[in-house]
Amino acid sequence: MSATRTIDIAQLRSRFPAADQFLYLDAAHQTPLSLTVRAGLDAFYDQALHTAGPKTHWLTRVEEVRARLAGFLGANPREIAFTKNTSEGLNIAAHGLRWEPGDNVLLLEGDHPNLLYAWLGLRAKGLEVRLVPQDGGPGKKWADADTFAPYVDARTRAIALSHVMFHNGQRNDVAAIARLAKRHGAEVVVDAMQSLGVLDVDARELGVTALAAGCHKGLLVPQGLGLLFTPYDAERLPPTYTALAGMADTDEDLVIGTEQVKLRPDAQRFEIGNFNLPAIHALGAALALFEEVGVRRVEEHVLDLGDRLIEHLDALGIPLAGPRERERRSHIYVLALQAPGWPEFLASENVRVSSVRDGIRVSFGLYNNSDDVDLLAGILRRGLDKRAHRAA
C-alpha cells in the first residue's frame, strides 16, 4: 500500500511550520525543526531554567534515548555511542581498526569528503587508500559487491562508503558489500548520514563493523549530535582517545592511580562525557515521532514522491543524475540542470534546494506532499520556457 494513503501528511506537515513558508526540498542538507522536537528542547531548557539542572535525571534520560535509538536501528543499546557528528564516528572507526603499513582500504570515487578524509589522513602512517571507480556499466548507478570485488586483495582491511550518496541519491548495496568483505577478512564502515530517518535501516542486518551518522538530517535534530553503531568489542575496535565515560569499573570517589586502564566492553567506550543533552532530549522526541508514523512508511512516502517527480522530469525532458530504480533510490533526486542561473531562479521562486556537482539536488522529507512535487514541476517548466524564449 502506498504510504501516501497510510500517513496523514497534512497532520505531519502541520508540525513543520517552515514547510508552509517556502517550498522546502532540502532535507539532505538540513531538515526544518518540528514542533515535536521543539517541545523536547523546551522541556530540557525549562528544567535547566527552574531547577538549575537535574543532572542525574538528565543522564537517565540519555540512557532512555539510547535504548530507544537502539530499537530504531535494530540494535542493542550497548552497541550505540553518542558522538558529535558523522565525521567523529567515521574517524573513530578509521583510527581504531587494526591494520599494518602496506594494508589498504577501499573507498568510492566521489564519496563524501569527510568519509574520504577520515582515511586519507592515515596514508602518512602507511595505509594505502584505493579509490574505486563507480562505473558499473550502462544503466548501473549504484555500488554493490561487484563494484569492489576487483580491488579486494589479501591486504584489504576495510571498505568504507556511504549508504546513500549525497550528490546523486544512489542507495548502495551495503549488505552485499559486507558479505564480500567478510569473505576476505575485511571490515565495512558506513556513513549513514543520508539514510537514517529516511530509509528503514537495520544496522545489524547490514553486517557492518561500524555505522556512523549525524542527527540533523533525517533524524530531525539540530546540529551537534551524532551516533556510532558497532557490535564489536574493544579488542576489535579500540578507542583512539579515552575518558572516564568510557571506562569500566571506575572508582566512585573518582580517585585514579596507575592501575591498568580497563575500557568498557561496549560502544560507550568511545564516549568522552559531557553529552549534548539538549540534542539528546530532542532526539528522544524525534524518535517518538518515528514510532508514531513508522520509518518504513516514511521510506515508502519519499519514494512515492520520487516516482511522481521522475514522471514530471520525463515529461519536461530533464535527466536524472542518479538511479531511477526504486530499490536503488532514497529521498534524494539530482536534476541534471547545470546551466548557469538555475540556483538563482529557483531561489527567486521561493524554492529551497541545493546545488551539487551533478546539478540541482531535490531532497524530500516526511513533511513534503504531492502538491510540492507538482508545484516544483510547474516552476521548472517556467524556467525552461524562459530559457527557450531567451535563446529564440
Spell out, as yes or no, whether a donor-acceptor pair under 3.5 Å connects the side chain of [X] to the backbone of [Y].
| X | Y | value |
| --- | --- | --- |
| His312 | Leu380 | no |
| Arg352 | Ala27 | no |
| Thr83 | Asn85 | yes |
| Arg297 | Gly294 | no |
| Thr86 | Gly214 | yes |
| Asp314 | Gly317 | no |
| Arg269 | Lys262 | no |
| Gln194 | Ala28 | yes |
| Arg328 | Lys140 | no |
| Glu299 | Val198 | no |

Parallel under 30°, tilted from 30 to 60°, perpendicular over 60°: which one fits the rings of [X] and [Y]?
| X | Y | result |
| --- | --- | --- |
| Phe345 | Trp342 | perpendicular |
| Trp58 | Phe44 | tilted |
| Tyr367 | Tyr24 | perpendicular |

Only one of Ile332, Asp372, Asp26, Val373 passes side-chain contact (heavy atoms from CB on, under 4.5 Å) with Phe364, and that residue is Val373

In Leu90, Asn91, Ile92, the residue satisfying side-chain contact (heavy atoms from CB on, under 4.5 Å) with Glu88 is Ile92

*Could you go step by step and tell me if Leu122 and Trp99 meet the side-chain contact (heavy atoms from CB on, under 4.5 Å) rule?*
CA-CA 11 Å; Leu122 297 173; Trp99 53 271; 4.0 Å; yes

Has [X] got more than 12 heavy atoms of other residues, nucleotides or ligands less than 6.0 Å from its [atom1]?
| X | atom1 | value |
| --- | --- | --- |
| Arg38 | CZ | no |
| Arg382 | CZ | yes |
| Asn274 | CG | no |
| Glu235 | CD | no |
| Tyr117 | OH | no |

In Å, rounded to the nearest 0.5 Å, how long is the span from [atom1] of [X] to [atom2] of [Y]?
| X | Y | atom1 | atom2 | result |
| --- | --- | --- | --- | --- |
| Thr36 | Arg15 | OG1 | CZ | 4.0 Å |
| Met165 | Gln170 | CE | CD | 4.5 Å |
| Leu277 | Leu59 | CG | CG | 6.5 Å |
| His301 | Leu303 | NE2 | CG | 10.5 Å |

Please report the closest heavy-atom contact between [X] and [Y], naming both atoms and the distance.
| X | Y | answer |
| --- | --- | --- |
| Leu107 | Ala160 | CD2-CB, 3.5 Å |
| Pro239 | Leu263 | CD-CD1, 3.5 Å |
| Leu106 | Tyr151 | CD2-O, 3.6 Å |
| Arg326 | Arg171 | O-NH2, 3.7 Å |
| Cys215 | Leu227 | SG-CD2, 4.3 Å |
| Ala145 | Leu180 | O-CD2, 3.5 Å |

Less than 3.5 Å apart, any donor N or O on the side chain of [X] or [Y] sitting next to an acceptor on the other?
| X | Y | value |
| --- | --- | --- |
| His112 | Asp191 | no |
| Asn172 | Asp144 | no |
| Ser195 | His163 | yes |

Original post:
Could you go step by step and tell me if Glu64 and Arg61 meet the salt bridge (Lys or Arg N to Asp or Glu O under 4.0 Å) rule?
Top reply: CA-CA 5 Å; Glu64 292 171 352; Arg61 179 65 173 155; 3.6 Å; yes

Worksheet item: salt bridge (Lys or Arg N to Asp or Glu O under 4.0 Å) between Arg130 and Glu128: does it pass, once the steps are laid out?
Response: CA-CA 6 Å; Arg130 297 179 177 178; Glu128 180 189 356; 3.0 Å; yes

Do the side chains of Glu100 and Arg155 get close enough for a salt bridge, i.e. N-O under 4.0 angstrom?
no

**Message:** What verdict does the salt bridge (Lys or Arg N to Asp or Glu O under 4.0 Å) test give for Glu187 and Arg236, after you've listed the backbone C-alpha separation in whole Å, the side-chain angles of each residue and the deciding distance to 0.1 Å?
**Reply:** CA-CA 10 Å; Glu187 314 286 354; Arg236 290 284 297 278; 2.8 Å; yes

Pair Phe270, Phe82 - check ring-ring contact (aromatic ring centres under 6.0 Å, His included), show working. CA-CA 8 Å; Phe270 301 115; Phe82 288 113; over 10 Å; no

Check your understanding: Would Asp266 and Arg264 count as a salt bridge (Lys or Arg N to Asp or Glu O under 4.0 Å) if you check the C-alpha gap in whole Å, the side-chain angles of each, and the deciding distance to 0.1 Å?
Key -> CA-CA 6 Å; Asp266 55 28; Arg264 290 184 61 113; 2.8 Å; yes

- Item | Check against side-chain contact (heavy atoms from CB on, under 4.5 Å), Met193 and Lys217 | CA-CA 7 Å; Met193 180 75 257; Lys217 298 187 182 183; 3.6 Å; yes

Is Val189 reachable from Val174 through a run of I, L, V, M, F, W or Y residues, each pair having side-chain heavy atoms under 4.5 Å apart? no

